[in-house]
Amino acid sequence: MPGASGCRAKVRARGSENILCLSTKLPTFFQQALKGGLAAWRHPILNTHITQFSGEQTRGSLNVVALWMHATGSGAAFGDVLSVFQTLVGASGAQIVRQMRHPAQTRMIARHDQSAGKLFERPVVSFCAALFGDMSHHVKAGSLWRLTDARPDRDILHNLEEMGLKEVCILVLNTETDFTDYFELHLSRPLPDHDLALLEILGPILAEGWKKRAPGCIEAAIAGRPFPVAQRGQEASRPLLGSNNPAGLTRSEFRICTLIQSGRMPDEISEMLGVSKSTLRSHMRAIYLKTGASGQVELVHLLHGRQSGAGG
């Protein structure tokens, strides 16, 4: 474990507190935290307090860093670390996404969401484009961003409401010539200041671990996910149920969308198609993924809005 000699530190004021942000690997900071917890921990050189954290958050932070280093270093799955991170800050979902330059699309690397397994679970959606826009590939690795700080437009706010979210936090993992990788947290409540401070401390450490990830492990994860991630703020203009089937729906998915458009409810659809609720749930997940809908309500709007737009 590296010592303090290899650790650069900076102090940034937040209100009346000073927050210590460490910008390298697993530093002496975590060794001291392991011994005594993060509560009122004082940096020996800067003589500065950081935000107080509970013992549970201290242990959770150490666990996150350990799992993250293991996953990035060995190519192991990120499911465990996303689940722990989600619990640590009370997030509804956590995901790692890669935003490509050419073609301009976002691919899922790993994801963990509380709604998984429910009939109408949250779709696979990223808010990176909505937050960064044309600056997507010019943001600093290790930096932390909040969607609400960017004053999103009404459409994005509507998307958040549809998904039951109050905040989206995005940590920039790295920026390379052809892509940028992000760690994205979806929250159903505003992010408290102490959680924000914790993310700012962890951000540079996670970015450094990501930089030293095992070769090829991310490409293998992306290869196992055939569809790009829908980006909020990037609206399609072609009819969803048009003859050219722009979303690439299967025959069953197309049929389900037709029934939803006509006002049928899930129980009716399941009975009419002769499929179980779990099968219908799988179809709905695929439909959300392909169309970028944030839920059943938005899917209905897309089905009717696009169809009427095509006719006008």
### Nearest atoms (heavy-atom pairs only) where A130 meets I156
CB-CD1, 3.7 Å
### Summary
Closest non-hydrogen atoms of L198 and S61, given as atom of the first, atom of the second and distance, are CD1-OG, 3.3 Å
### Query
Going by heavy atoms in the side chains, are T106 and C128 under 4.5 Å from each other?
no
### Query
To the nearest 0.5 Å, how far apart are CD1 in I256 and CG in L249?
9.5 Å
### Message
When you measure from the side chain of S83 to the backbone of D80, do you find a donor-acceptor pair of N or O atoms at a distance under 3.5 Å?
### Response
no
### Query
So does H70 have more than 12 non-hydrogen atoms from other groups sitting under 6.0 Å from NE2?
no
#### Entry: In one Ile/Leu/Val/Met/Phe/Trp/Tyr side-chain cluster, 4.5 Å: L67, I205
yes
### Task
State which residues pass salt bridge (charged side-chain N to carboxylate O under 4.0 Å, His left out) with R264; sequence neighbours excluded, sorted by chain then number.
E268
### Task
Indicate yes or no: at least one non-hydrogen side-chain atom of L82 is less than 4.5 angstrom from one of Q86.
no
#### Entry: salt_bridge(R151, D149) N-O dist < 4.0 Å
no
### Query
About how many Å separate NZ of K277 and CD1 of I269, when rounded to the nearest 0.5 Å?
12.0 Å
### Message
Any non-hydrogen side-chain atom of V139 less than 4.5 Å from a side-chain atom of W145?
### Response
yes
#### Entry: Any side-chain heavy-atom pair of F85 and L206 under 4.5 Å
yes
### Minimal non-hydrogen separation, I96 against M108, with atom names
O-SD, 3.5 Å
### Message
Would you call the rings of H301 and H158 parallel, tilted or perpendicular, taking 30° and 60° as the class edges?
### Response
parallel
### Message
Using the ring centroid of each side chain, check whether W210 and Y182 are separated by less than 6.0 Å.
### Response
no
### Task
Give the intermediate values and the outcome of side-chain hydrogen bond (donor to acceptor under 3.5 Å, both in side chains) for residues S188 and S92.
CA-CA 6 Å; S188 56; S92 300; 3.2 Å; yes
### Full working for ring-ring contact (aromatic ring centres under 6.0 Å, His included) between H138 and F132
CA-CA 9 Å; H138 303 281; F132 298 117; over 10 Å; no
### Candidate list V97, I109, V172, test side chain to side chain contact (heavy atoms under 4.5 Å, CB included), partner D181, passing option
I109
### Query
Do the side chains of L144 and L196 get nearer than 4.5 Å, heavy atoms only?
yes
### Query
What is the distance from atom CG of N63 to atom CH2 of W68, rounded to the nearest 0.5 Å?
14.0 Å
### Query
Distance only, no hydrogens: is a donor on one side chain within 3.5 Å (strictly under) of an acceptor on the other, for T250 and S252?
no
### Query
Looking only at side chains, do T258 and R255 share a donor and an acceptor under 3.5 Å apart?
no
### Message
When you measure from the side chain of E184 to the backbone of A94, do you find a donor-acceptor pair of N or O atoms at a distance under 3.5 Å?
### Response
no
### Task
Look only at the side chain of S136 and the backbone of G133, and say whether a donor-acceptor pair between them is shorter than 3.5 Å.
yes
### Query
Would L171 end up clustered with V89 when hydrophobic side chains under 4.5 Å apart are linked, directly or stepwise?
yes
### Query
Are M163 and L157 grouped together when hydrophobic residues (ILVMFWY) are joined by side-chain heavy atoms under 4.5 angstrom apart?
yes
### Message
Hydrogens and angles aside, do Q105 and R107 bring a side-chain donor and acceptor to less than 3.5 Å of each other?
### Response
yes
### Query
Going by heavy atoms in the side chains, are L185 and L191 under 4.5 Å from each other?
no
### Task
Measure across D195 and L88 and return the closest heavy-atom pair with its distance rounded to 0.1 Å.
OD1-O, 4.4 Å
### Stepwise side-chain contact (heavy atoms from CB on, under 4.5 Å) test for L187 and V168
CA-CA 6 Å; L187 299 109; V168 175; over 6 Å; no
### Task
Report the C-alpha separation of R101 and E176 in whole Å, then their side-chain angles, then the decisive distance to 0.1 Å, and conclude whether the salt bridge (charged side-chain N to carboxylate O under 4.0 Å, His left out) test is met.
CA-CA 10 Å; R101 285 180 183 264; E176 300 191 13; over 6 Å; no
### Query
Can you tell me if NE2 on H102 sees more than 12 non-hydrogen neighbours from other groups inside 6.0 Å?
no
### Task
For L62 and Q57, run side-chain contact (heavy atoms from CB on, under 4.5 Å): C-alpha distance rounded to whole Å, both residues' side-chain angles, the deciding distance at 0.1 Å, then the answer.
CA-CA 9 Å; L62 295 169; Q57 283 183 309; over 6 Å; no
### Query
What's the shortest heavy-atom distance between A141 and A207, and which atoms?
C-CB, 4.4 Å
### N174 vs K211, side-chain contact (heavy atoms from CB on, under 4.5 Å): CA-CA, chis, key distance, verdict
CA-CA 7 Å; N174 76 326; K211 181 180 178 181; 5.8 Å; no
### Partners passing salt bridge (charged side-chain N to carboxylate O under 4.0 Å, His left out) against E253 (at least two apart in sequence or in another chain)
K290
### Query
With hydrophobic residues grouped by side-chain heavy-atom distances under 4.5 Å, do L303 and M265 end up in a single group?
no
#### Entry: Distance-minimising heavy-atom pair for F78 and A110
CB-CB, 3.7 Å
### Task
Measure the spacing between CZ of R213 and OG of S74 and express it to the nearest 0.5 Å.
14.0 Å
#### Entry: Side chains of T279 and S282, donor plus acceptor under 3.5 Å
no
### Query
Between the main-chain N or O of V275 and the side-chain N or O of S270, is there a donor-acceptor pair closer than 3.5 Å?
yes
### Query
Between the side chain of Q95 and the main-chain N/O of V125, is any donor-acceptor distance below 3.5 Å?
yes
### Gap separating the CZ atom of R146 from the OG1 atom of T148, nearest 0.5 angstrom
5.0 Å
### Polar side chain donor-acceptor pair, T180 to Q99, under 3.5 angstrom
no
### Query
Can you tell if the side chain of V81 reaches within under 4.5 Å of the side chain of V84, non-hydrogen atoms only?
no
### Query
Could you give the distance from CG (L259) to CE (M272), rounded to the nearest 0.5 Å?
5.0 Å
### Task
Would you mind reporting whether T72 and E208 have side-chain heavy atoms less than 4.5 Å apart?
no
